[in-house]
Amino acid sequence: MNPQSTAPESDQALLDALGRGEAQAIATLYMRHGDRMVAFAGRYVRDSAAAEDVVIGLLGRWLERPPQVRDAERINAFLATSVYHAAVDWIRRERAERGQVPRAGSDEQPPPKHVDRVDMRSRLAAAMAKLSERERLLLETHYGRALTTEECMEQLGISRAAFHQRLHRARSHLAELLEVDK
Amino acid sequence: MTLSELDALMESADVPVRAETLAAAWELTEIRERARRVLVLVTMRARHGAEERLERAVREFIEASGGLAGSLGSTVHRSPDDPTTWFLLERFATEESFARHMASDYFARFQSVQAKLLAEPVRALFLERGV
């Protein structure tokens with residue numbers, strides 16, 4: 001990454017500078033988007049100091065491996081995705097340090113033995129791609145915690161009772177798809 | 001697959017979440033007031049042949065600054081394009097703790113050591129949000 005003294009003006013210029021590895025781009029990005037990045041990380045890590053840790057850690061990684069983003073119109077999607085994954089990694093590390101076993105809801109279960117962790121991600125992605133838009137959103141909310149339950153209800157225009165009913169159906173559908181794919 | 005098995009699988013796997021879903025969450029995120037901290041990004045370029053000594057000095061400096069009250073931690077990153085360049089990200093709780101850092105013995109020691117190892121003066125950028 002190379003130092004540069006002038007701040008890129010547009011988001012496209014900023015992303016280009018970030019991809020070229022210019023230190024000034026990190027400062028400008030943090031100035032323009034840092035508040036939202038930290039607030040967004042806070043949705044997932046639930047602690048303001050930890051949220052800042054997540055974002056600063058991400059900036060550090062970008063210093064070593066400048067991100068390549070071509071489309072400035074997708075800057076929010078890029079930042080949201082980057083911060084989300086950094087927050088998920090942070091939560092995983094925290095849990096591992098505390099020696100917590102991953103758990104879902106109230107049912108503590110080990111991962112199913114028949115699922116090879118190596119291809120788990122691609123199988124999940126393939127199965128989720130077969131779901132409807134609404135089912136995906138429900139599962140991204142429930143399992144990925146991408147949205148809050150209330151935000152998801154609002155997006156889908158449904159009540160809390162309907163949310164839980166449809167979530168149950170979406171989980172069943174995904175389980176079926178993964179069973180078929182076994 | 002039972003729903004309990006699915007839950008366990010989803011908890012242990014990376015759940016594929018679409019960028020557009022996260023972008024929607026991004027738009028819904030409220031920015032709240034929070035304590036302003038001091039974040040500094042320092043760029044240092046070593047003289048030819050002094051790379052290892054500079055890295056060692058920077059790491060000693062980071063260790064020393066970690067003991068300062070109000071220091072929230074520092075990290076060092078090597079440039080992927082130029083192996084003579086290092087970046088130092090330093091965080092402090094307040095302007096006062098940053099001032100104590102600048103006035104410390106370890107800071108003065110580092111200043112005198114780095115002067116012999118650098119190819120050019122250090123560049124420091126203060127990273128501030130929403131200004």
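Throughout, a chain's letter reflects where its sequence line sits, starting with A, and its residues are numbered from 1. Nothing here was measured: the structure is a model prediction, and the numbers come from that model.
In this structure, B/Leu68 is not a member of the same hydrophobic cluster as B/Leu72, with clusters built from ILVMFWY side-chain heavy atoms closer than 4.5 Å. Cluster membership check: B/Leu39 does not share its hydrophobic cluster with B/Val122, using side-chain heavy-atom separations under 4.5 Å among Ile, Leu, Val, Met, Phe, Trp and Tyr. Note on A/Met31 and B/Val38: separate hydrophobic clusters, where clusters join Ile, Leu, Val, Met, Phe, Trp and Tyr whose side-chain heavy atoms are under 4.5 Å apart, directly or indirectly. Cluster membership check: A/Tyr30 does not share its hydrophobic cluster with B/Val40, using side-chain heavy-atom separations under 4.5 Å among Ile, Leu, Val, Met, Phe, Trp and Tyr. Two different hydrophobic clusters hold B/Val42 and A/Ile26 under the rule that ILVMFWY side chains link at heavy-atom gaps under 4.5 Å.
Within 6.0 Å of NE2 in A/His168 there are 12 or fewer heavy atoms belonging to other residues, nucleotides or ligands. Residue B/Gln111 qualifies as enclosed at atom CD: its count of foreign heavy atoms under 6.0 Å is above 12. Around the CD atom of B/Glu95, the shell of radius 6.0 Å holds no more than 12 heavy atoms that belong to other residues, nucleotides or ligands. Summarising the local packing, CD of B/Glu52 is surrounded by 12 or fewer heavy atoms from other residues, nucleotides or ligands at distances under 6.0 Å. Other residues, nucleotides and ligands contribute more than 12 heavy atoms inside 6.0 Å of the CZ atom of A/Arg92.
Chain B forms the most heavy-atom pairs under 4.5 Å with one residue out of A/Ala146, A/Ala39, A/Ala77, A/Gly60, and that residue is A/Gly60. Heavy-atom pairs under 4.5 Å with chain B were tallied for A/Ala129, A/Ala27, A/Cys152; the largest tally goes to A/Ala27. When each of A/Thr141, A/Thr148, A/Leu147 is checked for heavy-atom pairs under 4.5 Å with chain B, A/Leu147 comes out on top. The greatest number of non-hydrogen atom pairs below 4.5 Å with chain B, out of A/Ser172, A/Ala80, A/Gly57, is found for A/Ala80. Chosen from A/Arg136, A/Glu140, A/Glu151, the residue pairing most often with chain B at heavy-atom distances under 4.5 Å is A/Glu140. Interface remark: of the candidates B/Asp14, B/Leu89, B/Val76, B/Asp14 forms the most heavy-atom pairs closer than 4.5 Å to chain A.
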Open item on the list: Test salt bridge (charged side-chain N to carboxylate O under 4.0 Å, His left out) on B/Glu11 and A/Arg95; report intermediate values, then the result.
Closed with: CA-CA 12 Å; B/Glu11 194 66 23; A/Arg95 284 180 179 178; 2.9 Å; yes
Task: Criterion salt bridge (charged side-chain N to carboxylate O under 4.0 Å, His left out) on B/Arg91 and A/Asp53, from CA distance to verdict - done: CA-CA 10 Å; B/Arg91 265 195 305 162; A/Asp53 285 348; 2.5 Å; yes
Open item on the list: Before you tell me yes or no, could you show the steps for B/Arg18 and A/Glu133 under salt bridge (charged side-chain N to carboxylate O under 4.0 Å, His left out), namely the whole-Å CA-CA distance, both residues' side-chain angles and the distance that decides it to 0.1 Å?
Closed with: CA-CA 11 Å; B/Arg18 293 164 299 172; A/Glu133 183 76 19; 3.0 Å; yes
TODO: Apply side chain to side chain contact (heavy atoms under 4.5 Å, CB included) to B/Met10 and A/Leu174, showing your working.
DONE: CA-CA 11 Å; B/Met10 297 299 270; A/Leu174 180 60; 3.8 Å; yes
TODO: Evaluate the side chain to side chain contact (heavy atoms under 4.5 Å, CB included) criterion for residues B/Leu28 and A/Glu154: first the C-alpha distance (whole Å), next the side-chain angles of each, then the deciding distance (0.1 Å), finally the verdict.
DONE: CA-CA 11 Å; B/Leu28 292 166; A/Glu154 174 83 24; over 6 Å; no
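The part of A/Gln155 that comes within reach of chain B is its side chain, from C-beta onward, which places non-hydrogen atoms under 4.5 angstrom from that chain. In this structure, chain B has a heavy atom under 4.5 Å from the side chain of A/Arg74, while its backbone stays farther away. In this structure, chain A has no heavy atom under 4.5 Å from any part of B/Thr75. Contacts of B/Glu27 with chain A are made by both backbone and side-chain atoms, with heavy-atom separations under 4.5 Å. For A/Phe40, the parts lying near chain B are the backbone and the side chain together; criterion is any non-hydrogen pair under 4.5 Å. Residue B/Leu41 touches chain A through its side chain alone, counting heavy-atom pairs closer than 4.5 Å. Using a 4.5 Å cut-off between heavy atoms, A/Leu29 does not touch chain B at all.
Contact annotation: the side chain of B/Met1 approaches that of A/Glu179 to within less than 4.5 Å [non-hydrogen atoms, C-beta and beyond]. Counting only heavy atoms from C-beta outward, the side chains of B/Asp7 and A/Tyr143 approach each other to under 4.5 Å.
Salt bridge status for A/Arg20 with B/Asp81: absent, with no side-chain N to carboxylate O gap under 4.0 Å.
The OG1 atom of A/Thr81 sits 5.0 Å away from the CG atom of B/Leu22 when rounded to the nearest 0.5 Å. With values rounded to the nearest 0.5 angstrom, A/Phe78 atom CZ is found 9.5 Å from B/Trp26 atom CH2. Atoms NE2 and CG, on A/His173 and B/Leu6 in that order, are 12.0 Å from each other to the nearest 0.5 Å. One distance of note links OG1 of B/Thr21 with OH of A/Tyr84; it measures 9.5 Å at 0.5 Å rounding. A/Leu59 contributes atom CG, which lies 12.5 Å from atom CZ of B/Phe87 (distance to the nearest 0.5 angstrom). Atom CD1 of A/Ile56 is separated from atom CG of B/Leu127 by 7.0 Å, given to the nearest 0.5 angstrom.
Contact detail for B/Leu3 and A/Ala175: the closest heavy-atom pair is CD2-CB, 4.3 Å. Heavy atoms only, all atoms of each residue included: B/Ala13 and A/Leu124 are closest at CB-CD1, 3.6 Å.
Side chain of A/Arg36 to main chain of B/Thr29: a donor-acceptor pair is present (N/O by atom type, distance under 3.5 Å, no hydrogens or angles). A donor-acceptor contact shorter than 3.5 Å is absent between the side chain of B/His77 and the backbone of A/Leu63.
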